[in-house]
> 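Got a structure for you, questions after.
By convention here, the first residue in the shown sequence is residue 1.
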Amino acid sequence: WVAILANMLILYGLLTAYLTGGAKIIGDLLGVSTDWQWLLLLVFFAALTTLALLDNRLILRYNALIMLVMLSSFLLLVSISWRHVDSTHFAYRDWHYLPAAAPIIVTAFHFHNVIPNVCRNMDWNLGRIWKVMLVGMLLGFLMNMLWIQVGVGVLTMDDGPNGILTAFHENLPATVPMARIIGSRLFTVFSMAFALLAIVTSYLANGLGLQGFVRDMLENHCGVRNRTANAVLTFGPPLVISLVYPDVFLKALNVVGGVGIVILFGILPAVILLRKFHNRALRIAGWALLLLFSVCLVCEVLHETGLLRLHAHMEYWNPRH
């Protein structure tokens, strides 16, 4: 039941983050008034959920093309942004923000739900499975590394209107203040293309996963076989949360990574390792993993409950010295 609750938290949280983040990006880049953000979110939700409820074979057929367009958009975003990078920003250090960054780092490398699909597609060939997962993780790491360098280099290191702290406190994706600073129509077009494709594909993947999860719960624990109930229970909660809390983008990712992923893919596997194996090296690894992910969980709970307050030491840093 702990695993079930953690998985529900992950999938519902990710769908909520995709809805709020996507609507925020589109609304800001198109100049939509905040008074109409709710309508934009509804339209965005209707389009994504309709695709998720339809046969996904059409998406799978053009998957390679979608990935190519996403990668091209990303590389163009990086090349446009790189001209606006201020290298002095890289001199700033504030390690006590690590508890806030850790859940996002964990979420950025969350791909565990697709491992069964990878295994089936690779015909259960262990060597090919390891190779595919390693290449996928390396690509994800390289893209995250490049984007962090660009984001930190472009955004001002303060709490001004286009500052990195303002984006953090207002739960804004980095592309929103970056578009204001760069002021390029091309950047706006490519950032929208990349964000929309990334969000749509992720929403569909996690939406399909959550539909199957809810279907199993309804059929195996409630004895209910109803497609409409399944769809409502899958996509209804993320929509309600997004409408009530439209600025919950980063907070949703924090809870997904700092609570859901840490429990399901960190703490529980460490407990299994300690219960099933008696090899000294494996037990040391199990205790190390359990300690690491438990610290992440405690920090996230303290942060979200307001018991751990993070304030940047900006007043002690001058980017020109």
> Please check this pair: side chain of H84 against backbone of V154, looking for a donor-acceptor N/O pair closer than 3.5 Å.
no
> Report the distance from atom CD1 of I261 to atom CG of L297, rounding to the nearest 0.5 Å.
12.5 Å
> May I have the step-by-step check of side-chain contact (heavy atoms from CB on, under 4.5 Å) for L155 and H89, ending in yes or no?
CA-CA 9 Å; L155 295 177; H89 293 179; 5.9 Å; no
> Can you run down the side chain to side chain donor-acceptor pair (under 3.5 Å) pairs that involve residues 240-267, sequence neighbours left out, and say none if there aren't any?
K24-D247, K251-E304
> Please give me the minimum heavy-atom distance between G140 and F109, naming the atom from each residue.
C-CE2, 4.3 Å
> Among all residues two or more places apart in sequence or in another chain, which pass the ring-ring contact (aromatic ring centres under 6.0 Å, His included) test with H112?
H110, F265
> Taking atom CG of L15 and atom OG1 of T234, what is their separation to the nearest 0.5 Å?
8.5 Å
> Would you sort out whether L138 and L134 count as a side-chain contact (heavy atoms from CB on, under 4.5 Å), showing the intermediate values?
CA-CA 6 Å; L138 284 174; L134 179 61; 4.2 Å; yes
> Where the side chain of N220 meets the backbone of D216, is there a donor-acceptor pair that is under 3.5 Å apart?
yes
> Does any part of the side chain of V85, heavy atoms only, come nearer than 4.5 Å to the side chain of W82, both counted from C-beta?
yes
> Between S294 (side chain) and L291 (backbone), is there a donor-acceptor pair under 3.5 Å?
no
> Are the side chain of R283 and the backbone of H278 linked by a donor-acceptor contact shorter than 3.5 Å?
no
> Using the rule that two of Ile, Leu, Val, Met, Phe, Trp, Tyr join whenever any of their side-chain heavy atoms come within less than 4.5 Å, decide whether V271 and V262 are in one cluster.
yes
> Tell me whether T49 contacts the main-chain N or O of A46 through its side chain, where contact means a donor paired with an acceptor under 3.5 Å.
no
> About how many Å separate CZ of F190 and CG of L75, when rounded to the nearest 0.5 Å?
11.0 Å
> At what distance, to the nearest 0.5 angstrom, does OG1 of T228 lie from CG of L53?
9.5 Å
> Is the side chain of D123 donor-acceptor paired with the backbone N or O of N125 at a distance under 3.5 Å, no angle test?
no
> Considering non-hydrogen atoms only, spot the tightest contact between F293 and G266 and give its length.
CD1-CA, 3.5 Å
> Please indicate whether W287 has more than 12 foreign heavy atoms, meaning atoms of other residues, nucleotides or ligands, lying under 6.0 Å from its CH2.
no
> Rounded to the nearest 0.5 Å, how far apart are CD1 of I10 and CE of M8?
11.5 Å
> Is the ring pair F235/Y203 parallel, tilted or perpendicular, if the boundaries are 30 and 60 degrees?
parallel
> What's the spacing between L289 CG and L268 CG if we round to 0.5 Å?
12.5 Å
> Looking only at heavy atoms, which two atoms of S191 and T175 are closest? And how far apart?
CB-CG2, 4.2 Å
> May I ask whether L71 and L77 are part of the same hydrophobic cluster, defined by side-chain heavy atoms of I, L, V, M, F, W, Y residues being less than 4.5 angstrom apart, directly or through others?
yes
> From the options N7, I267, I263, select the one residue that forms a side-chain contact (heavy atoms from CB on, under 4.5 Å) with V2.
I263
> Specify the closest pair of heavy atoms between A193 and S73, including all atoms of both residues, with the distance to one decimal.
CB-OG, 3.9 Å
> When you measure from the side chain of T201 to the backbone N and O of A198, does any donor-acceptor pair fall under 3.5 Å?
yes
> Is it true that a side-chain atom of T20 and a backbone atom of A17 form a donor plus acceptor pair closer than 3.5 Å?
yes
> Can you tell if the side chain of F141 reaches within under 4.5 Å of the side chain of M137, non-hydrogen atoms only?
no
> Under 4.5 Å between side-chain heavy atoms, counting indirect links through other Ile/Leu/Val/Met/Phe/Trp/Tyr residues: same cluster for I26 and V248 or not?
no
